[in-house]
Amino acid sequence: MILLNLIGNEIIQAEYDRIDNQIKESKLLEGITKRGKNRENYIDFIKKYIVVTDNFIVYKSSSKLHTIIAGYPWFNDWNRDTLIAFEGLLLKANRIELAEEILLSVLKKIKDGLVPNGYDEYTGRPLYNSADSSLLFFEAVNKYLKYTNNYDFVKDKLLNDMKKIINNYIDGINLDGNNIYVDDIDYLLVSGTPKTQNTWMDAKVNGVAITPRNGKAVEMNALWYNSLKVMEDISSKLNKPIGKIEYSYIAKKCKKSFEKEFYNPDKKCLKDTTEDTKVRPNQIFAIGLSYPVLDLDLSVAKETFVTVTKKLLNKYGLKTLADDEEGYKAVYEGGPVERDTMYHQGITWPWLLGMYYNAMQNLIDAETDEANKKKLEKVKTQFKADLIDTFINEETNENTYGSICEIYDSIEPQKGRGAFAQAWSVAEVYRILLEK
């Protein structure tokens, strides 16, 4: 018994040492100027951040690479979730080598320009049921470059596959019925069929799509434009003028069509698809990505942000449908069928706070009127303060000690639902709180 206790103590101490080393390597405590209680609170916050993000990072023996578990207790690794959580889990913590490994892992089974969304949990077969994961890869790469400026890694390890993705999207992809192609008239991206759910709102019941989003979806086209601009930037940095001209040309055509096709003047925001005017959070991608497809200094972008704020924002995230839209559901309850019909019909998702915050910051950066800029900065400060209050309470008194749930009800008491610890929820909330 004494020997077992000694071994147990050694294992526990080794884990303490490992986490302490990760905190040191994160460099998040370097040069802090806080004093007294504020200093202690900040150090405790960084420790919580390192521990909770570390919980999702695992080594996958089948690929001999690390990967990200999407959520506990029932999710495997899902590339869409991984790429959305990428900055918050890895880059903010200075896990740069691991970030590079994750990017390579995502590309491991790329086929016809599609990175697999996930893998069958029984057979390990790649699942190509996502049209957005491949485009989210470009945003992750762009964030990686912002933190590292390592264009050589991108050129040597990633660029060929990134070119193939763009080319395949232009030429058309019908792998597993995805029906992805670029409209040769307006240069907007088309994806899916009435029976294909290949955006993140992918719930089906008995083979029937609950939120059919086939055709030209708003975030898909925001991601498409963003991906082209990322490639334009990389081409410029690597002195590839022909590539830069080609990507710039397509991006300009896409941008020109986007506002015309997606703006809904009646609701002062963007349509969810060119055929669907319901107010959903996917429109926030148009102003929240690294390269916003909407001009931030014009009224459409500002109106979109205001509408999303008024109709979708609550303390735990963004609702997936405005409460005055047909089919709105505020509480996630019932059996599997009932829950699947509610999943994206008004339930709140915390990960969307990340794109919302990005949009707010992009609008602040684009604001030329100093008085308006100061007002927006005050709004941002209050937003972050409210976020701290909400999620510190959530982590200590509510659903999961030290983590954040997948989803929340949209009316009080806004109970946590779904997976009790979700990678992209944790990543995006902590990323916002770590921003200067």
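If you're wondering where the values come from, they're calculated on a predicted model, not measured in any experiment.
- With Tyr144 as the partner, the ring-ring contact (aromatic ring centres under 6.0 Å, His included) test is satisfied by one option alone out of Phe86, Phe153, Tyr151: Phe153.
- Taking the charged nitrogens against the carboxylate oxygens, Lys315 and Asp386 have no contact shorter than 4.0 Å, which rules out a salt bridge.
- Side-chain contact check for Asn226 versus Ser290: some heavy-atom pair is nearer than 4.5 Å.
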Quick one: side chains of residues 240-248, donor-acceptor pairs under 3.5 Å with protein atoms, not counting sequence neighbours, listed by atom name and distance.
none

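- The ring-ring contact (aromatic ring centres under 6.0 Å, His included) test with Trp200 is passed by exactly one of Trp78, Trp349, Phe285: Trp349.
- In this structure, the side chains of Asn214 and Thr199 stay at 4.5 Å or more apart for every pair of heavy atoms.
- Between the side chain of Ser105 and the backbone N or O of Thr67 there is no donor-acceptor pair closer than 3.5 Å.
- With sequence neighbours left out, the side-chain hydrogen bond (donor to acceptor under 3.5 Å, both in side chains) criterion links Arg339 to no other residue.
- Qualifying side-chain hydrogen bond (donor to acceptor under 3.5 Å, both in side chains) partners for Lys60, counting only residues two or more places apart in sequence or in other chains: Asp77.
- Across all their heavy atoms, Ala251 and Lys229 have their closest contact at CB-CD, 3.9 Å.
- The backbone N or O of Val300 sits less than 3.5 Å from a side-chain atom of Thr304, completing a donor-acceptor pair.
- Gln283 contributes a side-chain N or O that, together with a main-chain N or O of Leu270, makes up a donor-acceptor pair within less than 3.5 Å.
- Counting only N and O atoms by type, the side chains of Thr53 and Arg95 include a donor and acceptor under 3.5 Å apart.
- When every heavy atom of Val308 is checked against every heavy atom of Ile284, the shortest pair comes out as CG1-CD1, 4.2 Å.
- Using a 4.0 Å cut-off between charged side-chain N and carboxylate O, Lys373 and Glu370 make no salt bridge.
- For Tyr356, the ring pair (Phe, Tyr, Trp, His ring centres under 6.0 Å) criterion is met by Phe305, Phe383, not counting sequence neighbours.
- For Asp295, the side-chain contact (heavy atoms from CB on, under 4.5 Å) partners at least two apart in sequence or on another chain are Lys255, Asp297, Leu298.
- A search for salt bridge (charged side-chain N to carboxylate O under 4.0 Å, His left out) contacts involving Lys329 returns nothing, not counting sequence neighbours.
- Between Ile432 and Lys384 the shortest side-chain heavy-atom distance falls below 4.5 Å.
- Annotation: side chain of Ser403 is not in contact with side chain of Asn55 (no heavy-atom distance under 4.5 Å).
- Between Trp424 and Trp351, the ring planes lie parallel to each other; the angle is under 30°, not in the 30° to 60° tilted range.
- Qualifying ring pair (Phe, Tyr, Trp, His ring centres under 6.0 Å) partners for Tyr128, counting only residues two or more places apart in sequence or in other chains: none.
- Put simply, the side chain of Ser26 never gets that close to the backbone of Asn94: no donor and acceptor are under 3.5 Å apart.
- Nearest heavy atom pair, residue Asp340 against residue Ala203, reads O-CB, 3.5 Å.
- Within the 4.5 Å cutoff, the side chain of Pro116 has no heavy atoms near those of the Leu127 side chain.
- A donor-acceptor pair under 3.5 Å is formed between the side chain of Asn358 and the backbone N or O of Gly288.
- Partners of Asp272 under the side-chain hydrogen bond (donor to acceptor under 3.5 Å, both in side chains) rule, at least two apart in sequence or in another chain, are Arg213, Asn282.
- Residue Glu412 qualifies as enclosed at atom CD: its count of foreign heavy atoms under 6.0 Å is above 12.
- By the ring pair (Phe, Tyr, Trp, His ring centres under 6.0 Å) test, Tyr430 is found to be paired with Phe45, Tyr49, residues two or more places apart in sequence or in another chain being considered.
- Under the 3.5 Å distance criterion, the side-chain polar atoms of Asn221 are matched with a main-chain donor or acceptor of Leu189.
- Residues Tyr263 and Phe258 place their aromatic rings such that the two centres sit no closer than 6.0 Å.
- Between Asp233 and Lys237 there is a salt bridge, since a side-chain N of the basic residue sits under 4.0 Å from a carboxylate O of the acidic one.
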Show me the donor-acceptor pairs within less than 3.5 Å that the side chains of residues 155-167 make with the rest of the protein, sequence neighbours left out.
{"unit_1": "Asn167", "atom_1": "ND2", "unit_2": "Lys163", "atom_2": "O", "d": "3.3"}

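- Qualifying side-chain hydrogen bond (donor to acceptor under 3.5 Å, both in side chains) partners for Asn314, counting only residues two or more places apart in sequence or in other chains: Thr348, Gln414.
- A salt bridge links Glu435 with Arg431; the closest basic N to acidic carboxylate O contact falls under 4.0 Å.
- Evaluation of the salt bridge (charged side-chain N to carboxylate O under 4.0 Å, His left out) test over residues 106-126, restricted to residues two or more places apart or in two chains, returns none.
- Of the possible donor and acceptor atoms, one in the side chain of Asn179 sits under 3.5 Å from a partner among the backbone N and O of Gly192.
- Remark: Tyr59 OH is packed, more than 12 non-hydrogen atoms of other residues, nucleotides or ligands lying under 6.0 Å away.
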